[in-house]
Structure formats: structure tokens, C-alpha cells
There are 2 protein chains.
Amino acid sequence: MSVQERKQRERAERERLIVTTARELAEQQGWDAVTTRRLAERIEYSQPVLYSHFRGKREIIGAVALEGATEMAAAVRAATAAADGPRARVTALARAYLDFAARNPAVYDALFELDGGLAFAHEDTPQPLRDAFAALLESLGEVAGDGVHPGMFTEVFWAALHGLATLTRAGRLPPEDAERRVELLVDRLAVI
Amino acid sequence: MSVQERKQRERAERERLIVTTARELAEQQGWDAVTTRRLAERIEYSQPVLYSHFRGKREIIGAVALEGATEMAAAVRAATAAADGPRARVTALARAYLDFAARNPAVYDALFELDGGLAFAHEDTPQPLRDAFAALLESLGEVAGDGVHPGMFTEVFWAALHGLATLTRAGRLPPEDAERRVELLVDRLAVI
DNA sequence: GCTCGACCCTAGCATTGCTAGGCAATCGAG
DNA sequence: CTCGATTGCCTAGCAATGCTAGGGTCGAGC
């Protein structure tokens with residue numbers, strides 16, 4: 001049985017290699033540069049190997065997205081845990097979110113801009129995505145205000161952050177006032 | 001000279017035909033289905049004709065985006081003009097914006113999700129885009145609140161709307177609570 | 001009526017995601 | 001140890017994509 005175990009382990013390692021390599025390539029040169037050929041070359045296997053791990057390119061994007069969701073949840077939790085009081089927590093959360101999006105544009109794209117074949121707001125939504133939303137909810141729920149459903153408040157706040165992240169990165173918003181925009185958002189939306 | 005004029009007119013008409021056909025096709029079957037071959041077939045010309053009007057597919061997307069920006073500006077202005085008082089105006093604006101995005105997903109994608117080769121927040125930003133932002137600014141500027149720059153307030157409000165629009169359409173947010181989310185956004189962000 | 005130029009089409013290129021088919025190495029049974 | 005079977009991988013290829021080169025045709029202007 002040990003042989004099978006070793007093979008299984010090697011397969012799992014190679015799958016991780018594929019995902020991390022796809023992510024690296026995407027961060028370096030953008031998702032357009034992540035072709036199955038280039039990806040195969042980088043992992044030093046032939047193209048069909050990719051398809052023995054994933055149904056297609058979409059699933060690879062999806063895998064990067066899930067990895068990113070876990071990291072983002074961790075980043076948000078780390079930032080809010082280090083802050084004192086609801087207001088500081090929300091501000092830290094917003095900064096951490098936007099910071100993550102700015103530092104990992106390819107991962108952020110995999111999560112929200114590209115089609116990774118992931119189900120959102122469904123019963124079959126993958127755990128990392130649920131958990132990322134939960135991480136937001138933990139700090140945002142406490143500033144939703146009376147009579148406002150915490151989940152819905154989190155959705156709206158999240159949407160605002162998402163809008164800022166994407167519009168800023170796409171050059172639709174000048175990057176200078178980023179910090180002031182965050183302050184305005186927190187001041188107005190959160191009920192302290 | 002009349003011959004040249006006629007030719008020029010026909011060229012202009014054909015260019016409009018390309019843009020409206022691309023838009024139709026995108027609305028019907030999504031932008032992925034808008035290939036140069038299919039588009040050429042629909043307008044009953046060969047592919048190279050497209051390239052005598054536009055540098056490439058990107059520019060066609062950009063043309064659809066510009067058309068969409070003009071329409072969106074008109075839709076927003078029409079909605080706000082019919083509303084009484086700042087609060088009603090902002091609510092109407094938000095609804096009109098989200099409604100436009102929901103009813104014209106392909107156009108909205110051309111504007112904000114796809115690369116149409118357009119410059120934003122620049123000195124060489126095309127007029128329709130500037131005007132669309134101006135349409136938002138007209139109604140949002142009056143509820144920015146004291147000490148808050150109207151332009152920046154508009155950016156934040158716009159980003160929030162953009163986030164709601166994209167996340168809702170991508171299935172990231174459940175569509176049921178759309179109206180309540182708008183109310184929350186207006187209540188909190190706008191200073192009446 | 002003729003010539004020349006604008007106009008547009010056929011054909012092709014490189015690249016993309018994905019798949020079929022075969023080859024070789026490894027495993028299990030005798 | 002041998003031999004058939006299975007697993008795992010690669011070479012080669014397909015259809016579709018955006019885009020371009022080159023030639024042929026038709027009409028304008030003298």
C-alpha cells in the first residue's frame with residue numbers, strides 16, 4: 001500500500017505545483033499569459049497532465065481563487081484582531097481588504113473578475129469562500145446598526161470595498177485619495 | 001464631391017452597424033460569442049472590413065462602451081430629474097444605475113469589466129465617460145455633506161453601486177435583497 | 001472607353017483550449 | 001523470473017480565435 005500512498009502524495013504535490021505556478025505566472029504577467037502550454041512548460045510536464053488534475057483552465061483559476069480566499073480571510077482576521085474597538089476594527093478591515101486586492105491582483109481577479117466556475121451565495125459554495133465572508137461578517141456585524149441585518153450590511157460594505165478595489169485597479173479611480181475614500185466609507189456606513 | 005460624401009456617409013453607417021451588431025450579439029450570447037468571424041457574418045461583410053474601421057476587437061468593445069456611457073448618463077439624468085428633493089434624487093439615481101447595469105449586462109461589461117482600451121480619470125478620457133461621471137456628480141454632489149469633496153463622495157458612492165452591480169450579476173450576492181441594499185446605501189452614505 | 005485607384009474578399013498565420021492515440025514503465029500473478 | 005495488464009505520460013492534432021497579406025474587381029474620372 002505504501003507505493004500507492006507515495007503516488008497519491010506525489011499527485012497532490014504536483015497539483016499544488018500547478019496551482020502555485022499558475023498563480024505566480026498570473027501575478028507576473030497577468031492571466032492572459034497563463035496559457036495551458038506555458039503553464040505546462042513551467043511545471044515541466046506536458047499539457048495533458050493539467051487535464052488529469054483539472055477539468056480545464058477554469059478549474060485552475062478556481063483553485064487559485066480558493067487559495068486566495070483563505071489567505072484573504074486570514075489577512076482580514078489578522079488585521080482586525082490587532083485593532084481596538086469597533087471603529088478601528090472596521091477601518092483595519094477595509095484597509096486589509098483593499099491592500100490584499102492591490103498586492104494580489106491576479107488572485108483577486110481569480111476570485112471576483114474571472115470565471116473560476118465557483119458557486120457563490122449557494123448551498124454548495126466552497127468552504128473557503130464562506131469563511132472569507134464570515135471573516136468580514138465578524139467585524140462588520142457589530143457595526144451594522146439597529147434593525148439592520150448583519151449579513152446584509154456586510155454585503156453592502158463588501159460591495160463598496162469591491163467597487164473601490166476594482167475601479168482603483170482598473171484606473172477608473174485616481175489612486176491618490178484611496179485612504180480618504182476608506183475613511184469616508186467607514187465614517188458613513190458603520191454605526192459606531 | 002458628392003460621391004465622396006456618400007461614401008463617407010456609408011462608411012459611417014457601416015461603422016454604426018458594426019457597433020450595434022456587436023452590442024446585440026453580446027447582449028444575446030455574451031461577449032465570448034462576439035468573435036470577429038461571427039460579427040463579420042452578421043454585418044454581411046468579411047472580417048478585414050472590421051479592421052478598416054477599428055484597430056481590433058478591443059476598439060469595438062470600447063465603441064460599445066462609449067455608446068453605453070452616453071445612454072447610462074441619460075438614464076440617470078432622466079431618473080433624477082423626475083424626483084423631488086435630494087433624497088429622492090439619490091435613490092432614483094441608485095436605482096437607475098443598477099437597473100441599467102442589470103438590463104444591459106454586456107454594455108456594462110464593456111464599460112467596466114472588459115478592456116476596451118479606454119482611459120479613465122485622465123486628461124484624455126473620452127467625453128461620454130466624463131459626462132457619465134458628471135451625471136452622477138450632479139445629484140450626488142448635493143448630498144456629500146460638509147467638508148467632503150463632492151467629487152470624492154461621488155467616487156465612493158459610484159464604487160459602492162459598481163460593487164453591488166457586479167457582485168449581484170455575478171451571482172455573488174443574492175438578488176432578493178437588492179432593494180433593501182439600495183436603501184441602506186442611500187440612508188447611510190448620503191447626508192440629506 | 002480606358003486607366004488607375006479605392007475597396008473588399010479569399011486564404012492563411014500563429015496562438016488558444018482541449019483531446020485522441022500510442023508508447024513505455026511499472027505492477028501483480030504464475 | 002517472466003509475461004500480460006494497467007497506469008501514466010507524451011506527441012500530435014483539432015477546431016476556434018484574433019489578425020494580416022495579397023490579389024481581384026468594380027467604379028470614378030479623364
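Proteins come first, then strands; the chains are lettered A, B, ... in the order of their sequence lines, and each starts at number 1.
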- Message: Can you work out whether B/Gly56 or A/Pro48 has the more 5'-proximal nearest nucleotide on DNA chain D?
- Response: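 That would be A/Pro48.
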Please classify the nucleic acid contact of B/Arg11 as base, sugar-phosphate, or nothing, using heavy-atom distances under 4.0 Å.
nothing
Indicate, with yes or no, if A/Leu185 and A/Leu137 share a hydrophobic cluster defined by side-chain heavy-atom contacts under 4.5 Å among Ile, Leu, Val, Met, Phe, Trp and Tyr. no
For this session: Name the residue closer to the 5' end of DNA chain C, choosing between B/Gln47 and A/Tyr51 according to the nucleotide with the nearest heavy atom.
Result: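 Whichever sits nearer the 5' end wins; that is B/Gln47.
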Walking DNA chain C from its 5' end, the first of A/Thr35 and A/Arg55 to be reached, judged by nearest nucleotide, is A/Thr35
What is the distance, to the nearest angstrom, from the [atom1] atom on [X] to the [atom2] atom on [N]?
X        : N      : atom1 : atom2 : value
A/Leu50  : D/dC10 : CG    : C1'   : 13 Å
A/Arg38  : C/dA14 : CZ    : P     : 16 Å
A/Ile61  : C/dT16 : CD1   : P     : 14 Å
A/Glu41  : C/dT16 : CD    : P     : 11 Å
B/His53  : C/dC8  : NE2   : C1'   : 11 Å
B/Asp115 : D/dG18 : CG    : P     : 14 Å
B/Asp32  : D/dG18 : CG    : P     : 10 Å
B/Lys57  : D/dA16 : NZ    : C1'   : 12 Å

- Item | Below 4.0 Å: OP1/OP2 of C/dC18 and any side-chain N or O of A/Thr36 | no
Exercise. Is B/Arg14 near enough to C/dC8 that one of its side-chain N or O atoms lies under 4.0 angstrom from OP1 or OP2?
Worked result: yes
| B/Glu67 with B/Arg16: basic N within carboxylate O range, under 4.0 Å |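 Between B/Arg16 and B/Glu67 there is a salt bridge, with a charged N closer than 4.0 Å to a carboxylate O.
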Item checked: Pair A/Glu179 + A/Arg95: basic N to acidic O under 4.0 Å -> yes
Quick check for you: among C/dA20, C/dG12, C/dC9, whose closest atom lies nearest to any side-chain atom of B/Arg37?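 So the nucleotide nearest the side chain must be C/dG12.
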Taking the six-membered ring for Trp, is the centroid-to-centroid distance between A/His53 and A/Tyr45 below 6.0 Å? no
Taking the six-membered ring for Trp and the full ring for Phe, Tyr or His, determine whether the centres of B/Trp158 and B/Phe153 are under 6.0 Å apart.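 So the answer is no for these two rings.
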